[in-house]
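Below is one structure, written out as C-alpha cells, with a few remarks after it.
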Number of protein chains: 2
Amino acid sequence: MEEKEISQAVIGRLPRYFRYLGELKDEGIERISSQDLSELMKVTASQIRQDFNNFGGFGQQGYGYNVEYLYNEIGNILGLNRRHNFIIIGAGNLGQALGNYINFERRGFIFKGIFDANPKLAGREVRGVKVMPMEKLGQFMRDNDIDIAVLTIPKAGAVEVAEKLVQNGVRAIWNFAHVDLNVPQGIQVENVHLSDSLMKLSYNISRYMKEQDATLKA
Amino acid sequence: MEEKEISQAVIGRLPRYFRYLGELKDEGIERISSQDLSELMKVTASQIRQDFNNFGGFGQQGYGYNVEYLYNEIGNILGLNRRHNFIIIGAGNLGQALGNYINFERRGFIFKGIFDANPKLAGREVRGVKVMPMEKLGQFMRDNDIDIAVLTIPKAGAVEVAEKLVQNGVRAIWNFAHVDLNVPQGIQVENVHLSDSLMKLSYNISRYMKEQDATLKA
DNA sequence: AAAAGTTTGTCAATGAATTGACAGGATATT
DNA sequence: AATATCCTGTCAATTCATTGACAAACTTTT
C-alpha cells in the first residue's frame, strides 16, 4: 500500500476547489464536468482532472463529477473531518480578530484558549474565552488536547514561544510572526507573512507602472 | 531595452531575502556569500545566485554580496522606495488589526482611511483615523490619492465593493475576503485567504498522522 | 437498440523551476 | 609578486508542473 507523495502545488489548490464546490453544492448543482469547472475557476480542465486523479477516480466518463461527493472527498483529504483544538498566543488586534472568526469552528477548528504575556490583558474576554497569562500555557495545553497554536506575537518572542509549544506537544503552528520558526521534523508550520504579501503587491504595482511607461514611450 | 519577465516564483522569494538581509545589516554584517546565506536561509546557493541575477550582477567574485547594497536594491525592486496611500474597507477586528499595524508605515504604506457599511462603527477611531461610511468612499479616494485598498469584509459584499474601488482609480487590492475578485487587467490583486492557509495546515497534520500510522504498522 | 455525444483517466509532450558544475575574475595569503 | 583560495555569473542537466491529446467508458438521443 504505497502512498505516493502529493506535491504542495496540488495541496495549495485544494482549498480553492473546495470553496467552489461548496458554492455549487449550495446552489443545488449536482454534477459538473472538468470543462465547466475550468471555465468557472479559470484554470485548465486538464489540471483539474490531473489534480483530482491524484486521490483516486472521483469522476465518471460521460457524466463528470458529482458535486457533493467530490466536495466531501476533498474535505476529507484536507482533514476537515477531524476536529482540532487550537489556542492563540498573542491577544493583540490580530489574535483577537482570529479568535472572533466564527467560520473556523464550522470546519472543525475549535477555539479553546488565548494567551498573552502582557498582564494588563489578562482577564479580558475574546468570544467568551478569558485571556490567560503565559505561565498557564503548558498546563492548559496538556489539559485541553491542543493540536494547533496560532502565533500572533511580535517576532522577538516567537522562536522561544514556539519551543515551548513544541515541548507541550503541539502538532502544528499557524505562524503570523514575521520570523522563520525552526521546529523538529513532524511539527507542521504554516506561515502567514502579511508584510511579505504586501511587498509582492507593491512589486506588482511597480512593475505595472514601469510597463505602462515603457509602452507609452514606444 | 527589453525587460524580461520575472517569474512570480522569484518575486515570492524576494521579501524573505529582504528580511534576512535587513537582519544581517542590523547586526552590522557587511558582506555575505551565497554559500553562507544559503546555510542561513536553508535554500540552495545556486537558487540565491540565480534569483539575484535576474536583476543584474549584484555580487563580486571572491567577495560575495555587499549586504547593505543588496538590501537596498531588493527594496527598490519591491517598490519600497515609493509611497503608497492605502485605505481599509471593513472595520471589523481584522480591519482594525491591520490599521493598527505600524510597521507598514516604515515600508512606505500610509494608512489614510477606513470605511465600514455598518453605521454603528462610524466615528470610531483606528489609530487616529475615524471610521467613515461607505458613501464617502469615492470622494475620499479621489481627494487622497489612494493606491491600495485593503478588503476586510465578508465575501458577500466584496465583489461589489471591488468594482467601486476600481471605478475610483484604485491600483491594487489586498484581498482578505474569501472570494475571487474579477478586476480589469492592470489592477493588481493579492489574495490572503486565511482559511485556505488553515486548510493546508490541516492537510499536513493529517498527512503526517497517516504517515506515522503507516510507519508503525510496518 | 443503435448512434451520437460527452467526459474521464492517463500517457506523452511541453514548459518552468531548481540544481549542479565550472570558467573566470576577484580576494587573501605567503 | 606569486600562489592559493574564494565566489560569482552562467550554462547545462535535471527535476517538477502544466498542458495537450485521445482511447475507453458512460450518458443521452433518436
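Values below: all heavy atoms of this structure, side chains included; hydrogens, waters and symmetry mates excluded.
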message: Quick check on DNA chain D: between A:Val43 and B:Gly64, whose nearest nucleotide comes earlier from the 5' end?
response: B:Gly64

statement: Assign each of B:Ile32 and A:Gly62 the nucleotide of DNA chain D bearing its closest heavy atom; nearer the 5' end lies the nucleotide of B:Ile32

For a quick check of understanding: with a heavy-atom distance under 4.0 Å over all strands, which category does [X] fall into, base, sugar-phosphate or nothing?
X       : value
B:Thr44 : sugar-phosphate
A:Ser46 : base
A:Phe52 : nothing

field: Side chains of A:Asn191 and A:Asn175, donor plus acceptor under 3.5 Å
entry: yes

query: Will you find, in the side chains of B:Glu163 and B:Gln167, an N or O donor that is under 3.5 Å from an N or O acceptor?
result: no

message: So, under a plain 3.5 Å distance rule, would you say the side chain of B:Gln61 forms a donor-acceptor pair with the base of D:dT8?
response: yes

query: Any donor-acceptor pair under 3.5 Å joining the side chain of B:Gln50 to the base of C:dT19?
result: yes

message: Does the plane of the ring in A:Tyr71 sit parallel, tilted or perpendicular to the ring in A:Phe18? Use 30° and 60° as the thresholds.
response: parallel

task: On the 0 to 90° scale, with breaks at 30° and 60°, tag the B:His178-B:His193 ring pair as parallel, tilted or perpendicular.
output: perpendicular

field: Centroid separation A:Trp174 to A:Phe104 less than 6.0 Å
entry: yes

Check every atom of [options] against the side chain of [X] and return the nucleotide holding the closest atom.
X       : options                : value
A:Ser34 : C:dT19, C:dT8, D:dC7   : C:dT8
A:Arg49 : C:dT19, D:dA17, C:dG9  : C:dG9
A:Gln60 : C:dA26, D:dC26, C:dT10 : D:dC26

Nearest-angstrom distance from the residue atom [atom1] of [X] to [atom2] of [N]:
X       : N      : atom1 : atom2 : value
A:Arg13 : D:dA17 : CZ    : C1'   : 8 Å
A:Asp51 : D:dT18 : CG    : P     : 7 Å
B:Asn66 : D:dC7  : CG    : P     : 14 Å
B:Tyr65 : D:dC6  : OH    : C1'   : 13 Å
B:Ile48 : C:dT19 : CD1   : C1'   : 13 Å
B:Gln47 : C:dG20 : CD    : P     : 11 Å
A:Phe58 : D:dC26 : CZ    : C1'   : 19 Å
B:Tyr63 : D:dG9  : OH    : P     : 13 Å

Is the distance from OP1 or OP2 of [N] to the nearest side-chain N or O of [X] less than 4.0 Å?
X       : N      : value
A:Asn53 : C:dT10 : yes
A:Arg31 : D:dT28 : yes
B:Ser7  : C:dA16 : no

query: Given A:Leu181, which of A:Leu165, A:Ile187, A:Ile173, A:Val166 fulfils the side chain to side chain contact (heavy atoms under 4.5 Å, CB included) condition?
result: A:Ile173

